[in-house]
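Everything below concerns the one structure shown next.
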Amino acid sequence: MLPRTARQLETTLLSSRQSLPRPARLYSSPSKKLNAPATATAHLPRTDFPAFFPPPQNVVHDQDSAASSSSHLLEDFLTRKIPYTILPTPLPSDVPLNDRERWFTDSATQDQAAVMDACLHNLYDVPRAKLIFDRLRTKKGSAILHVSMYNLVMESYLAMAEKDAQQTAYWVEELWKLYTDMENGNEQMSPSAGTFALMLQAWHKYNPTSSNPVRSKLALHPIQLLENMLNKQISVVDVVADRTIASSDLASTVLMSLSQAAINLDRVAIVTELSRAQAIAAGEESTTDDEVTPVLRHKALSPEEIEQGVEFPAEIPFNIKLLRNHLAHIAYARRVLPDDIGARQKHLETSVYEIARERMKEEYEHFETLGINTENRLKDSTLQSWMWQWHQDLRTRLESEIKLIAAFEAKMLNRHDQSTQLLSPYLALVKADRLSYITILELMRLQGSGGVNHGMKTTRALIAIGKAVEMEYKAQMCRTNDIAIPTMTGHSTNFFSALGYSNLQKRRMAAARHMQDGESWTTPWSQAVRSKIGGILVECLMDVAYVRRQREDQVTGKSETEDQPAFYHAYEYVRGTKLGILKLNPAVAERLSTDRLRETIHPRHLPMLVAPKPWMHIRQGGYLYNKTSVMRFKESIEQETYLQKAIDDGKMELVLAGLDVLGSTPWRINKNVYDVVLRVWNSGERMGKIPPAVYDQPAPEIPENYEKDLQARSVHLQRQRSYTQAKANNHSERCNVNYKIEIARAFLHDKLYMPHNLDFRGRAYPIPPHLSHIGDDLCRGLLLFADPKPLGERGLWWLKIHLANLYGYDKASFQERADWVMERLDDIADSATNPLDGRRWWTKGDDPWQVLATCMELHAALQSEDPHSYMSTLPVHQDGTCNGLQHYAALGGDAVGAKQVNLAAGDRPSDVYTYVGRLVDQQIEADAANGVEMAKLLQGKITRKVVKQTVMTTVYGVTFVGAREQIEKQLKDRHDIPDELCWTAASYLAKKVLTCIGDTFTGAKHIQNWLNLCARLISKTIAPDRFIDAIAAPKKKRGRPAVAMSRFKKEQMTSVVWTTPLQLPIVQPYRKHARKQVMTAVQSVFISDPSSPAEVNSLKQASAFPPNFIHSLDATHMMLTALECHSRGLTFASVHDSYWTHASTIDSMAEVIRDTFILLHSSDVLGKLHQEFKERFKGFKLPLIHLQNKGGNLVKMLSESGVRIVATPEQAKSLESIAAIVEVSETGSSAIGEQPIGSEGEPISDQVFLEELDEEDDSIDEWEGQRKKAAAANIAREAKATRELLGKFVDVVDLLPPLPEKGTFSVQEIKSSPYFFS
């Protein structure tokens, strides 16, 4: 049976019903709307359930068979050949981008696009935007150009035609011109559904028969537009439901036009599809078999028709929102958010500034109403009341300031001054009222950041405020478009199968396309723009924000008051560098540590009330309306470009699904722990790592010989500085805890979620920075899983072990830990029932707040009628043993190392930190026996805690300087070594620790060296398409040919890039970015420009590669575990190498952890990396002169690693400096290519080499007399060797060292190791 609206539509459009068949239903009407398949998407087998689908209720999986099948699928997935994402390298800064613009956009172009975006917003200055757009259009194929940009421009043209009646014809003509260029292929930009929606509106409003006709030779009839749509396979329903069609009446008109055009073209299927869209929009499409009578709307009659008694049949109203929500349901194959929770989340994300405003106003008016005197008001007033006064003054100042800036810029443009950077369009994007709140709240948030007491670094503050304005504008755009947001429900069992992966990709791409079509185009701002906008706002705030302070005159005893700036600008020297800082008035800083701050926290810093929006593209996911990137880029446009390409190619499905899994875990606040935290906070005492309200350590006493003894004076000053820093740190920590407590109070009775994103290595982090499970002990103690599970016998056992681990008793066997807890049940009960007034046993644990939470959970379970049936929500952890070393031991088959990090089975857990500590202690005892004073000082003080952080971070590339700082901090925390001796002791101890680690983990050291060498070689290469230009004859220099060495350095643009087993491309961001000076209203700031190409920092590329690679492996292991746990229905959360689940499912998660680790390391990880380097960097040339370095260490390391270069006998004679790696070929073959360097074959003299090398060695300029002559002689000797290598190149894949020999340890042994993760 046809729906009524469909029949009405056909009756209206067709002269004969017999001319068309009966339209088929868009989808069958199932009993449950959630599982209703749609013909608009591909039919999928009902046995596979991607992450976006909940499984049908009647499907029951056998646990064992499902786990076995999943393991086989995962094994097949990991052992396949990984598809790579390969892009061209960036070009040097002095080379035009040309074809590279497809991938990389320069800063100037980015700024132009951002200004254009700002000028289009609210039609601020469309003519100026058009001029910029016309310039951008000339960059065919540029990465900045996108169909969404074109659609936004066309939408503005259409709006201008309606706004400016005198220019209507001009704007309509420009609109049709642009569309024609797109259609003809002149723009290399194909029209989208949004484009056709705009053109149909243009035809409807300005066709020859309309009320406002505009004649244009380029205008197309809906029939022609429909033909173009169909040729491009664009859905007509998507066109009708497009965002730009603002009203249901207009959508209905467009639909009728398309229907008529389809009839004229005899496209029956299109008429059917449109009739179904009409039915959906009218509310006729029911989810049950029985039809429900819709609410009818009677058509309005004219007075004449009423007098004539004309009756028109009632019609069903066309609701465009119904259609859009239905299309969202089809695209996502998921349900739309429930109205109640979704509305609360939207309110949370949209109303932060309104909430802050009302809070400030309320506090201010409260004190005004009280009418108390000034003295008491100064004593009792809150930070919010001050902020309200600042806001009122700043809003007024900004309104006038923005007008002045706009007038000045207009004056400059009238003079055709193109050097003026436009800022007024950016400031007009957000109202002055909201700009004021953003400025104030961001400065409050940044207080104490970057190591600045009671303040912040100016550069960071200005950029952060500018970015906050940018994010607010983009959030406004998201909220304006009101796009239906999906949730992620259910779990998948086939992430790793080919069909499951394909289905996941199709769903994600369909959802991303729908979201993209529903959002307006925006573009990121450059750092320079952000800093300038921030500078204007901060300058205005400093001019108007004051606080009134009072003090008592020490002579007269009278009270004096003074108005002081709330913020001021100053300079400080940090490690010899002069830095501009923004300081808070001490009164403001003090209030930050005591007043309520909940209303001052931006929602992008808060957990969510609903499951995060699934990640669908690079900036589509996480929060519903606040834009967040899926990756935390480190000032690298290359990282973003690679990620964008990988997502577009469908290679990121499992990574995105893994983030969705992590974000879908529901949490709640542990109210019992929160109550204790609140009591401690309000008491002001130091407890459980909560800092005291007043710093409780005594100031150092001035020694008696302070004035006479320089040594005593120096020691005292050093101690005084340490005390002052500790006091300031106490205040900063107090402010930090204040944020956490306020957030916990705000979510005290709610279920909350943590949206996640990645760092560039692939490690997942919760986005909320203040309160999340990745935070400190307090944060973790405040969080519980929202969904409880029965404890069970094993769960109760694991809960006891978990308590022992948290307390610090974690090196015994599992049973010994459980027995240890049972022996202390009285202390546990006292801690749970009387945490503050009892014996406070819990405060002595390593992680006191988590200990308290576990005591409460265990006590509640034991006191229940059936402890095994107790519904537990406490997260229980399984932590890796120095996880980086675990990966190294597995990669290298290192049997000795594997035993130390619990990869091999043992009766008791091994503790690598204690082992290294004992080795260090033995060396110290030997040194002390030989009379070394520092060794005597450290005797008996080398504990596990002192060396732990250094051992842990050694595999992540910690340097000697980093190790020294880590150990110095630990020594200071002991309080039994004088502060002035801690630095010297740490230097001595760091050398010992690093030596002992290297002797213990030889396998890890070999792999580290291999990774380091590969990165050093790759980062010194020249891309194949740049090789000819790099060796081209350079310009003459003072009448002599210049050496090409400096050109080679400039052509070193190759970053180390690799692909994880989950297909995530990882790009190391380390380049020699030139910092440019930007003048702001506050001060000149120096910022690096990630869009400006620069040669790579080869030293940083090499030193960072080993730790980054290991980080990418542990991130992959975590993601695999998360996906597999989700497939098995386990609750899962992680903090890098610490995996959390319910106590009752620890055994299941432990099995998954081992399976995924074994399968990962059984897939020949290093072999695949080696093969990827050979394919990715094939043809990249390495100039042999780059093998020359001071001391010849690189050649020595290459030789020891087994590298050999095949050369002819003639070539070998001139390669004496690298003879250790040269292998002479008897057949005459050679891997070395030769290319003459210089101008027209002219020889290059030693003097030119000397000048060139002298320019590169700045230290030579400081040498004088004989020292300079000696240095020049050394350079002359090196010049001879360099001349021999200059002009000789080798393909880098021929120089990559062979893989280190693998040891005897088999990762299969991990299955029998109970303490691998424990």
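Just so it is clear, the model here is predicted, and its values are computed rather than measured.
Salt-bridge check for Lys645 with Asp648: failed, with every basic side-chain N at 4.0 Å or more from each acidic carboxylate O. Using a 4.0 Å cut-off between a side-chain N of Lys or Arg and a carboxylate O of Asp or Glu, Glu155 and Arg243 qualify as a salt bridge. Lys177 has no carboxylate O lying under 4.0 Å from a charged side-chain N of Asp181, or vice versa, which leaves the two without a salt bridge. For the pair Glu472 and Lys431, the salt-bridge criterion is not met [side-chain N within less than 4.0 Å of a carboxylate O].
Listed for the Ser252 side chain is no donor-acceptor partner under 3.5 Å among the backbone atoms of Asp249. Glu187 contributes no side-chain N or O that, together with a main-chain N or O of Arg137, makes up a donor-acceptor pair within less than 3.5 Å. Formation of a donor-acceptor pair under 3.5 Å by the Asn207 side chain with backbone atoms of Thr209 is found in this model. Looking at Asn757, its side chain never comes within 3.5 Å of a backbone N or O of Met631 through a donor-acceptor pair.
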Would you sort out whether Leu230 and Ile270 count as a side-chain contact (heavy atoms from CB on, under 4.5 Å), showing the intermediate values? CA-CA 10 Å; Leu230 299 179; Ile270 300 301; 3.7 Å; yes
Ring pair (Phe, Tyr, Trp, His ring centres under 6.0 Å) between Tyr179 and Tyr150, worked out: CA-CA 9 Å; Tyr179 168 74; Tyr150 279 72; over 10 Å; no
Mind running salt bridge (Lys or Arg N to Asp or Glu O under 4.0 Å) on Glu273 and Arg267 for me, showing each step along the way? CA-CA 10 Å; Glu273 187 177 356; Arg267 302 299 293 263; over 6 Å; no
Could you please spell out the steps behind the side-chain contact (heavy atoms from CB on, under 4.5 Å) verdict for Gln644 and His617? CA-CA 8 Å; Gln644 180 97 27; His617 214 268; 2.9 Å; yes
Run Ile144 and Gln110 through side-chain contact (heavy atoms from CB on, under 4.5 Å) and show every step you take. CA-CA 7 Å; Ile144 198 69; Gln110 191 72 51; 3.8 Å; yes
Would you please test Glu162 and Thr168 for side-chain hydrogen bond (donor to acceptor under 3.5 Å, both in side chains) and show each step? CA-CA 7 Å; Glu162 189 170 350; Thr168 296; over 6 Å; no
Under the criterion side-chain contact (heavy atoms from CB on, under 4.5 Å), I'd like the reasoning laid out for Arg619 against Thr628: C-alpha separation, chi angles, the key distance, then a yes or no. CA-CA 6 Å; Arg619 289 184 178 84; Thr628 309; over 6 Å; no
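Side-chain contact check for Tyr473 and Asp117: at least one donor-acceptor pair (N or O, by modelled atom type) lies under 3.5 Å. A donor-acceptor contact under 3.5 angstrom links the side chains of Thr244 and Asp242, judged on distance only.
Within a 6.0 Å radius of NZ in Lys403, no more than 12 heavy atoms belonging to other residues, nucleotides or ligands are found.
For the atom pair Thr109 OG1 and Lys139 NZ, the distance stands at 3.5 Å (nearest 0.5 Å). For the atom pair Ser257 OG and Gln201 CD, the distance stands at 11.0 Å (nearest 0.5 Å). Rounding to the nearest 0.5 Å places OG1 of Thr253 at 4.5 Å from NE2 of His204. How far CD of Gln260 is from CG of Leu274: 11.5 Å, rounded to the nearest 0.5 Å. The CG atom of Leu427 lies 12.5 Å from the NZ atom of Lys532; values are rounded to the nearest 0.5 Å. Note: Ile405 CD1 to Leu422 CG = 11.5 Å, rounded to the nearest 0.5 Å.
Legend: residues meeting salt bridge (charged side-chain N to carboxylate O under 4.0 Å, His left out) with Glu227, ordered by chain and number and at least two apart, are absent. Under the rule for a salt bridge (charged side-chain N to carboxylate O under 4.0 Å, His left out), Lys163 has no partner lying at least two apart in sequence or in another chain.
The aromatic rings of Trp171 and Tyr157 are tilted relative to each other, their planes meeting at an angle between 30° and 60°.
Taking 4.5 Å as the limit, some side-chain heavy atom of Pro83 sits within range of a side-chain heavy atom of Lys651. Two residues are said to be in side-chain contact when any heavy atoms from C-beta on lie closer than 4.5 Å; Ser424 and Phe408 fail this criterion. Residues Leu218 and Glu173 have side chains in contact (heavy-atom distance under 4.5 Å, counting atoms from C-beta outward). Leu200 has its side chain within reach of Pro222: a pair of non-hydrogen atoms, C-beta onward, lies under 4.5 Å apart. Using a 4.5 Å heavy-atom threshold, the side chains of Phe196 and Ile234 count as touching. Taking 4.5 Å as the limit, some side-chain heavy atom of Val236 sits within range of a side-chain heavy atom of Met229. Lys205 places none of its side-chain heavy atoms less than 4.5 Å from the side chain of Val214. Under the 4.5 Å side-chain criterion, counting only non-hydrogen atoms from C-beta, Asn151 is not in contact with Val153.
Considering every non-hydrogen atom in both Ile618 and Ile647, the closest pair reads N-CD1, 3.9 Å. Of all heavy-atom pairs spanning Asn212 and Tyr206, the tightest one is O-CD2, 3.2 Å. Taking every heavy atom of both residues into account, Pro90 and Glu638 meet most closely at CD-OE2, 3.6 Å. Here the closest heavy-atom approach between residue Ala118 and residue Tyr426 is recorded as CB-N, 3.9 Å. Closest heavy-atom contact between Pro213 and Pro208: CB-O, 3.7 Å. When every heavy atom of Phe633 is checked against every heavy atom of Glu640, the shortest pair comes out as CE2-CA, 3.5 Å.
Residue pairs meeting the ring-ring contact (aromatic ring centres under 6.0 Å, His included) criterion with at least one partner in residues 219-261, sequence neighbours excluded, are Trp203-His221.
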